[in-house]
Amino acid sequence: MAATYEAIATTALTSGTSYTFSSIPGTFTDLVLVTSFTVGSNLDLGIQFNGETTGTNYSQTYLQGNGTSTSSGRGSNQNQIYLDNTGTSTASNLYEFSVMNYTNPSYYKTVIGTCAVPSLGMQTISGTWRNTAAITSMRLLVGGGGFTSGIATLYGIKAA
Amino acid sequence: MLNNVAGVLGSPLPPAPVAYFESISTNTLGSNQTNITLSSIPSGYKHLQLRYITRNNRASTLDGLYLRFNSDTGANYSDHQVRGDGTSASSAADVSSSLMLASLVPGSTATGNVYGAGVIDILEYANTSIYKTMRSLGGYDTNGGGQMGLYSGNWRSTSAITSITIGSTDGSGLLAGSSFALYGIKG
């Protein structure tokens, strides 16, 4: 039986403030990105699709706990989906998120996922890219000092 | 074949391993339906994972997505939730319920083209020595509205799960385009 859960591509995160997975095949049902990395300064990790780096077509709702309290918030009309609200850590960060039915032209693209930033907290987010186009590229971005070490792997899950 | 990735590693990816994560069934609604039942679930896996994208037909901006197992409509379900609505976090529970809440999803009056998404894990679904436990991550965002939550549920039955019914908690049903993909994980 052909593999249902396949690694599409993997990349090191050792420098720079962004990495792009391009030419994503349209043969899967869902995409899953798993990444663990360190950064030079504590700024949020974001995601953009299909080269859309400007405009206001991204938003997210989050739920988080920081070891002291729980809270919820959202961001609207943004140029990226922020995958955390706590910021990243210079020590350690682990993110996993899915993009469901990423090629379906009938609805906007929904991202759901979790992140663990041990020094700051944990979060779950749901984000929307208000575009019905199939996703063909995915760009991870972080500000400030950029990535200093780590890895990101993009997986595809194919439904029957 | 690797894609064109900026900063790709020099080593190729290893060969695909023996499949432990297999697709069991996929159901995409071509029209609105009251609910959907994933039936004849084989017993040969260790765990189940349900990945979905959906929108309900309730005339509201949100609605509950429920699960039932093996057509059991008795008061044999309970669940706990930690949710965020973009303003505040909250927690709730249902006990002795006739259905199990798995997530909150957009209703029919939510922003158009927005569907809720989630991943539901049912561990040890065929183990006849234990009650069945579900965990779920689900939510949606409408650019000014939305929900995000973590859910756990329990079905007080030791029967192996052979079917899963999915529907809207107020009975209004699921909208066309909703899609539910069931996977089996071998252990």
Side-chain angles (χ1 to χ4, degrees), chain A residues 1-16 18-25 29-30 57-65 69-74 76-77 81 98-101 104 106-108 110-114 124-128 130 132 151 154 157-160, chain B residues 1-9 11 13-14 16-26 28 49 51-53 55 82-91 111-119 137-150 176-177 179-184:
Chain A
M1 174 182 290
T4 299
Y5 202 124
E6 289 186 42
I8 297 173
T10 190
T11 186
L13 301 173
T14 56
S15 63
S18 71
Y19 280 92
T20 299
F21 292 93
S22 59
S23 301
I24 296 173
T29 305
D30 302 334
N57 290 327
Y58 300 95
S59 58
Q60 76 280 326
T61 296
Y62 67 82
L63 169 68
Q64 70 175 28
S69 61
T70 56
S71 62
S72 179
R74 63 168 50 94
S76 304
N77 297 314
I81 293 172
S98 295
V99 188
M100 305 302 202
N101 293 63
N104 194 309
S106 299
Y107 30 70
Y108 294 156
T110 298
V111 175
I112 61 164
T114 61
T124 64
I125 70 106
S126 178
T128 298
R130 294 190 307 285
T132 58
I151 192 167
L154 181 66
I157 298 177
K158 185 169 180 59
Chain B
M1 176 174 70
L2 291 178
N3 298 292
N4 177 26
V5 176
V8 67
L9 297 175
S11 300
L13 292 170
V18 174
Y20 287 94
F21 190 97
E22 295 184 356
S23 178
I24 297 174
S25 65
T26 304
T28 302
Q49 182 171 98
R51 304 177 66 89
Y52 67 86
I53 187 158
R55 186 177 171 114
V82 177
R83 303 197 307 259
D85 64 3
T87 299
S88 61
S90 64
S91 184
T111 302
N113 293 327
V114 174
Y115 278 59
V119 179
L137 173 72
Y140 66 98
D141 178 272
T142 62
N143 191 44
Q147 298 274 335
M148 188 64 215
L150 295 164
S179 184
F180 302 89
L182 183 66
Y183 300 88

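This structure is a prediction, so every number in the text was calculated from the model and none was measured. Only this structure's heavy atoms are used, side chains among them; waters, hydrogens and symmetry mates stay out. Below, read A as the first sequence line, B as the second, and so on, with proteins coming before strands; counting in each chain starts at 1.
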### Message
For the interface with chain A, which of Leu137(B), Leu182(B), Val114(B), Thr142(B) has the highest count of heavy-atom pairs at distances below 4.5 Å?
### Response
Leu137(B)
#### Entry: N/O donor-acceptor pair under 3.5 Å between Arg74(A) side chain and Thr87(B) backbone
no
### Task
Examine whether an atom of Ser88(B) lies under 4.5 Å from a heavy atom of chain A, and if so say whether it belongs to the side chain, the backbone or both; otherwise answer neither.
backbone
### Query
So, for Ser23(B) and Ala159(A), which heavy atoms are closest and what is the spacing to 0.1 Å?
OG-C, 3.4 Å
### chain A interface, residue from Gly86(B), Gly146(B), Ala89(B) that has the most non-hydrogen pairs under 4.5 Å
Gly86(B)
### From CD (Gln60(A)) to OH (Tyr140(B)), nearest 0.5 Å
15.5 Å
### Message
For a quick test of reading the model, state the closest non-hydrogen atom pair linking Met148(B) to Leu63(A) and the distance between them.
### Response
O-CD2, 4.0 Å
### Message
Return the OG1 to CZ distance between Thr61(A) and Arg83(B), rounded to the nearest 0.5 Å.
### Response
13.5 Å
#### Entry: Part of Ser106(A) lying under 4.5 Å from any heavy atom of chain B
backbone
### Query
When you look at Val119(B) and Met100(A), which way does the side chain to side chain contact (heavy atoms under 4.5 Å, CB included) test go after all the steps?
CA-CA 10 Å; Val119(B) 179; Met100(A) 305 302 202; 3.4 Å; yes
### Query
Ile125(A) versus chain B, heavy atoms under 4.5 Å apart: side chain, backbone, both or neither?
backbone
### Message
Test your reading of the model: is there a side-chain donor-acceptor pair from Thr26(B) to the backbone of Ala160(A), 3.5 Å cut-off?
### Response
yes
#### Entry: Atom group of Tyr52(B) that falls short of 4.5 Å from chain A, counting heavy atoms
backbone
### Task
Indicate the ring-plane relationship of Tyr5(A) and Phe21(B), choosing parallel, tilted or perpendicular according to the 30° and 60° boundaries.
perpendicular
#### Entry: Separation between CG of Asn113(B) and OH of Tyr108(A), rounded to the nearest 0.5 Å
4.5 Å
### Message
With a 4.5 angstrom heavy-atom cut-off, is it the side chain or the backbone of Thr124(A) that approaches chain B, or both, or neither?
### Response
both
#### Entry: Under 3.5 Å donor-acceptor, Asn143(B) side chain and Thr128(A) backbone
no
### Query
Between Ile157(A), Thr132(A), Asn104(A), which residue shows the highest count of heavy-atom pairs closer than 4.5 Å to chain B?
Ile157(A)
## Note on the structure
Highest number of heavy-atom pairs under 4.5 Å with chain A among Ser25(B), Ala181(B), Ser91(B), Gly118(B) belongs to Gly118(B)
### Query
Which residue, Asn101(A), Asp30(A), Ile112(A), forms the side-chain contact (heavy atoms from CB on, under 4.5 Å) with Arg51(B)?
Asp30(A)
### Query
Excluding sequence neighbours, so at least two apart, what forms side chain to side chain donor-acceptor pair (under 3.5 Å) with Ser72(A)?
none
#### Entry: OG1-CD distance between Thr4(A) and Glu22(B), expressed to the nearest 0.5 angstrom
6.0 Å
### Query
Looking at residues at least two apart in the chain, or sitting in another chain, which of them share a salt bridge (charged side-chain N to carboxylate O under 4.0 Å, His left out) with Asp85(B)?
none
### Task
Would you check if there is a donor-acceptor pair between the side chains of Ser126(A) and Asp141(B) at a distance under 3.5 Å?
no
